[in-house]
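Chain identifiers are assigned alphabetically (A, B, ...) following the order of the sequence lines, protein sequences preceding nucleic acid strands; residue numbering begins at 1 within each chain. Computed from a predicted model, the values in this text were never measured in an experiment.
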Amino acid sequence: MRRRRFPWFVISALVVGAGFYVALPGFAATVGPVTDSIGVVKIAKGQPVTVAYWMVVAGPDASLGIDTRRGVEIAMEGKGGKLLGHPIKLIGEDTGCNAEGGVTAATKLSANRDIVAAIGSNCSSEAVPGAPILWKAGISTVSPSNTAPKLTAADRGPTFDGYLRTAHNDKVQGRVAAEFAVKVPKVKRAATIHDGSPYAEGLANVFAETLKKLGGTITAQEAVSPTDTDMRPVLTKIAVGKPELVYYPIFISAGGHVTRQAKEVSGLANVKLMGADGMFSPDFMKAAGDAAVGMYHSSPDLSPEALGPKYKDFLDKHQKKYGEKPLAPFHAHGYDAANMIFAAIEKVAMKDASGNTYIGRKALRDALFATKNFKGLTGTLTCDKFGDCADPKIAIYQTESADPAKWDPGKNPKKIYP
Amino acid sequence: MRGAWARKGTLVDLYLWAFRVVVILVVIWGTFGTLRAGTYSREHWIDFAVFGLSQGSIYALIALGYTMVYGVLRMINFAHGEVFMSGAYTAYFVADAFGRSGYLNRNPLVSYLAILVVAMLTSTAIALVVERLAYRPLRRAPRLVPLISAIGASFFLQYAFRGLYGSGFKAYPEPEVLKGKWVIAGIGILRSQVIVVVGAALMLLVLYWFVMRTKTGMAMRAVSEDKDAAALMGIDVDRVIVITFALGAAMAGAAGVLYALVFKQVHFFMGFVPGIKAFTAAVLGGIGNVPGAMLGGLFLGLVESVGPALFLDGLGIVAPYQLKDVIAFTMLVMVLIFRPSGILGERLVVKKA
Amino acid sequence: MPMRMDRQGWWNAVRKGLIWGGVAVFVAMVGMVETFAERQVIIGVVSFGMTLLALAGVAAGFQAARGPAGGGRVSALLGGAVAGAVVGAAVAGLLLVGSVLNLRTMFVSASPRLFSLLSAGQGLHGWYLPLLAGTALGMIAAGASTLAARLRRPILTGLMSVLTVGVFQELLQIMLGGEGVGAVIRDVLFESEGLLPRGALILFLVAWASSSLWIWRRAAVHVWVARRPASQQRGLRLLTLGIGVSALLLLPHLAGPFLSQVLVLVGLFALLGLGLNIVVGFAGLLDLGYVAFFAMGAYTVGLLTSTGEHGIFHFSFWTAVPIAMVVSLIGGVLLGIPVLRIRGDYLAIATMGFGEIIRLLVLSDFLRPWLGGSQGILAIPKPTIVGLELSGPEQLFYLTLVLCGLVVFVASRLRDSRLGRAWMAVREDEDVAEAMGINLVNVKLLAFGLGASFGGLSGAIFAVMVGSVFPHSFQLLISIKVLSPIIVGGMGSLPGVLVGSLALVGLPELLREFADFRFLVYGAALVAMMQLRPEGLWPEPVRKRELHESEQDAAEPEKVLA
């Protein structure tokens, strides 16, 4: 029976398929009042403005993507769900935190010509192959969590012309962390741990290089795997080098284990601990417990003096909407990325008499790159010509209480540098 | 080349021989280098060993579930890591309630008994549901079919728990009693680790007694020898299989609580890696063999903890702990080359179902 | 209404209701109802989340009516109503509990929004709504189940096509595009959020009509075909084949870049599956570390062709591919030798270890200067044929298609060769095979080596498809994702591997939209498929016969006793 149906299936597929035709976007066009060198998105009256995310929202790294997506969703709520009178529609693709996921997600998004701009990716390995695919279709993308220096390096090439990020370049954060270690706690000997992610490896290396330049000694450069739980052996090995500070710019789970177990290892009882923004979150306080008291974090300046009470508001909204604390550290970057895009759209969009909106893709890209003194949750954002938008002001915080309920960046963890 | 192989594999023997020699030489060279450098003191080595043993005891407890199910059904219960996770994750809510009300510190023993009971019951319930829905209908199917079903069940459970409890991290509260170290025979050992090792040993003894001395245990061994013959002798095979799953799951639930004692954090993905490791431990010890699983677990824990420092440090390899699984799996292959059915595995498991 | 149902019938209805009620509560608590509340199947009519709940009620009613009731239409309807009511009661119970207690401290999805959705915004006072809806759905489903097949099937087909189109609406809208005939169809059926009510109605009618027509004329068509002379029948078959092949060749242009990309991925996994099938399906050696060879192929091509900092020779792709295959082949043999004497599940774990070793080595800081560590190898150029660059998924599709065809050919020749028969013998019983004079060492190593070289080939394509290679692409998960299609398709069967890859790689890619629940559904689907078709979707004829034989075996003794 099944066999006999086969020809019908093929024939009907062919007939239906004959009607499908996808024109590739990405060509100069004049639509309505807008002329753009790579294409124009037309949004008819009452239709939504489509923004896409490409993030890792399934699989073992899902908390990273869900966290950033929630930032985007809260930003949409902050706009009342509307932009220029059109509802905002968020669609998205899972990227799986690997290169092939980035390619597939970007390919799917690039085929959807309604998409105005994209937010993503999460992992740098997704952005390397994915961002050029999006840009080929004229879609600019703002990443909330890619930190690999090469993505915004001077030699990144024209295929990355549509790529920006609100996340910190590892180069900036690693350097500030090392400078702080030398200047304030007067550390001469330090050890680093990374977890095999490009983010952590990049930060650990920049930290080590800067510290060496400033006259310090690196006693060990160790690595763990993000799923490891027993860090005591590797910490024992680190203890042998008698470091004064351990720098581990990794993520919440493994970072929590390192923090809890460091004090239990003989020889490390008085060592200073330092993490990065990868685990600067209330969830980390839960994971690390009281062992986190006294440890340092490098992170964007989230203190109320710099930002006002915005971040606290954000956390309240998050708790109300999702019933839990942020899962990972990049929700604020996601929030900023979304708002940056909304602002740029508002700047370049044009309306015609009947209420349709037109957005030029190249114009939008240029508006994004022209972002200047943009007050966000992660600081004041200004984009350079290679797409680095994050506020270069990195602060160092010290935890005073590990109670996640007392999480209030600036006071606890207390900002101590600069 | 063909000709050489055809003559009863002399080239192969040569290669195997060379492989063993190279691995052993590298190990000796690395060990010698490490010891001569004298980086680590006696205390360091003792620490490494203790850390390894406590991690190993947890592997051993999880490995029991794999090994027992394998014994009676000849199938890899790939979802066992998730059974472990379900117990630890669900019991967290009990522990959290105790921790908030302060009862955990007032009466840690009763609290932990309650946590343990909840964890074991949850794990058992999950395992029985999985057995009923995903494995029982496939008992007569070809060998790989239940394996794929188990993999499916494993994915399903992970993401079901993520949907139910959320994808964030949760951390068990830490009672005051368990903070700090106890000094045993002049060596300071973390209290939680002492409890884990002692607790795991007790569980294993109880289980061993159950399997060797009780009537149900005997029935279990009979089913594992020959299902059809056991059925002819009046043993209710289905019941024995259910009991086996329940016992293995209860051990996994207990392992979950012990895991939470030392590592605190629980989340939906926590079962996957320990599951794989415990499975490896079960194979190392000789799958289907209860003391073997215990031995395999301890061996694996020790190798992971001591191995990188002892073997790789001396070779001048950077970040040796990144490669701890490389050592663990190489050791596994070495053990299997010398003893193709694990350390304590006596007979070859040849027949496919 | 006369109570004509017996106790067994009642109990069956309640039991089915409880099971599906549990499913409904689970679907709500796992977060699907709330997440998919915005996701419209038909705009303004029903959301995908509600559809899922409704399906539980329908399934309960359907199964209850099909149970051992035996008492005609009335008792079937009654059974369906009872089962549906139990499902509704379970949801209502959840609503009550959730309104009284704060379930959210434990279950994150038990949000106020969920309870407002379950009660249609009525809160606690709406507790009767799920109950009513469940009863109604159960009864309707039971009623439908008692209809004659010729009436029931078109309705079911109609509903299924509406549901399918509603679920895949985003994809279909993209495919229909913005111009020409496609745009017209799109505007009639869809709005940007989903299917329009009128679109749903049109779809239902079209599907219903064509299904009815087919049921009505099916026999006549078969008779017509059977009456044609043999030459014309062959011609017809050739015609269908020709249409099939040309459809395959035109596919990327018809379907657009995204579907082509999905097809490239399917092709890639099919290639991997064909390679692993030699090891697992033909020779019966369970290999859980197959990803190692995939990684070897990808890294070899990456190192040999990359124009970035880790590239060594800057070879062209076509030179690098055979080298990658040879490297993987050697890798396969070198792995094969130490594990030659390890059997069964011991082999599975040893190979899994090998896969992890390779991943950890390429990730390690130790080999970072040569292999790039976690930062990977970048700038791998796309292959070119006579000056034409195979850059987009549409072009890569042809490459994978050609290679798949080639590998299927090679694999089928291998299977029917002397070596293939030796593999089968080893699979069935190693000891007997050895006793029959088969050289186990040769045969096993050839399986490992050939399987590995196919793995290396797909790794090579992977490297150019992505344009960069990262260690994170070579997790244990890949080995599992390659193994599953082989078993789901039917072990040892070549078309099975292709069908399995389509189902297990293609579908999840198309369902990317349901990101958060993709793996949940994937897992459930694996379990379900194994139960429904343990022999696989497209099994080898021999295997199928074997399974039937064992069924007959099981049946025979009873006959003897009777």
Segment of [X] engaging chain B (4.5 angstrom heavy-atom cut-off):
X: T229(A); result: both
X: Q221(A); result: backbone
X: I252(A); result: both

Which pair of non-hydrogen atoms, one from Y172(B) and one from R260(A), has the smallest distance, and what is that distance?
O-NH2, 4.4 Å

Nearest atoms (heavy-atom pairs only) where H194(A) meets Q322(B):
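Between these two residues, the closest heavy atoms are CE1-NE2, 4.0 Å.
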
Quick one: OG on S225(A) to CG on L323(B), what's the gap to the nearest 0.5 Å?
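That separation rounds to 11.0 Å.
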
When rounded to the nearest 0.5 Å, the distance separating CE of M285(A) from CZ of F169(B) is 14.5 Å

Under a 4.5 Å cutoff for heavy-atom pairs, which residue among D228(A), V224(A), V265(A) has the most contacts with chain B?
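Ranked by contacts with chain B, first place is D228(A).
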
So do [Y] and [X] actually touch side chain to side chain, heavy atoms under 4.5 Å?
X: K237(A); Y: Y321(B); value: yes
X: P320(B); Y: E222(A); value: yes
X: S253(A); Y: Q265(B); value: yes
X: R162(B); Y: I66(A); value: yes

Looking at D325(B), L190(B), D47(B), which makes the most heavy-atom pairs under 4.5 Å with chain A?
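Looking at each option in turn, the highest pair count goes to L190(B).
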
Residue selection (most heavy-atom pairs with chain A, distance under 4.5 Å) from F272(B), F155(B), F48(B):
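Option with the top pair count is F48(B).
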
Do other residues, nucleotides or ligands put more than 12 heavy atoms under 6.0 Å from [X] [atom1]?
X: W182(B); atom1: CH2; result: yes
X: K242(A); atom1: NZ; result: no
X: K213(A); atom1: NZ; result: no
X: K188(A); atom1: NZ; result: no

Ignoring hydrogens and geometry beyond distance, is a side-chain donor-acceptor pair present between S305(B) and D230(A) at under 3.5 Å?
no

Less than 4.5 Å to any heavy atom of chain A: does that hold for the side chain of [X], its backbone, both, or neither?
X: D313(B); value: side chain
X: Q158(B); value: neither
X: Y259(B); value: side chain

Checking the side chain of K324(B) only, and the main-chain atoms of V234(A) only, is there a donor and an acceptor separated by less than 3.5 Å?
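Judged by distance alone, no pair lies under 3.5 Å.
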
In this structure, which one of H257(A), Q261(A), R232(A) forms a side-chain contact (heavy atoms from CB on, under 4.5 Å) with V262(B)?
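Per the side-chain contact (heavy atoms from CB on, under 4.5 Å) rule, the option paired with V262(B) is R232(A), out of H257(A), Q261(A), R232(A).
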
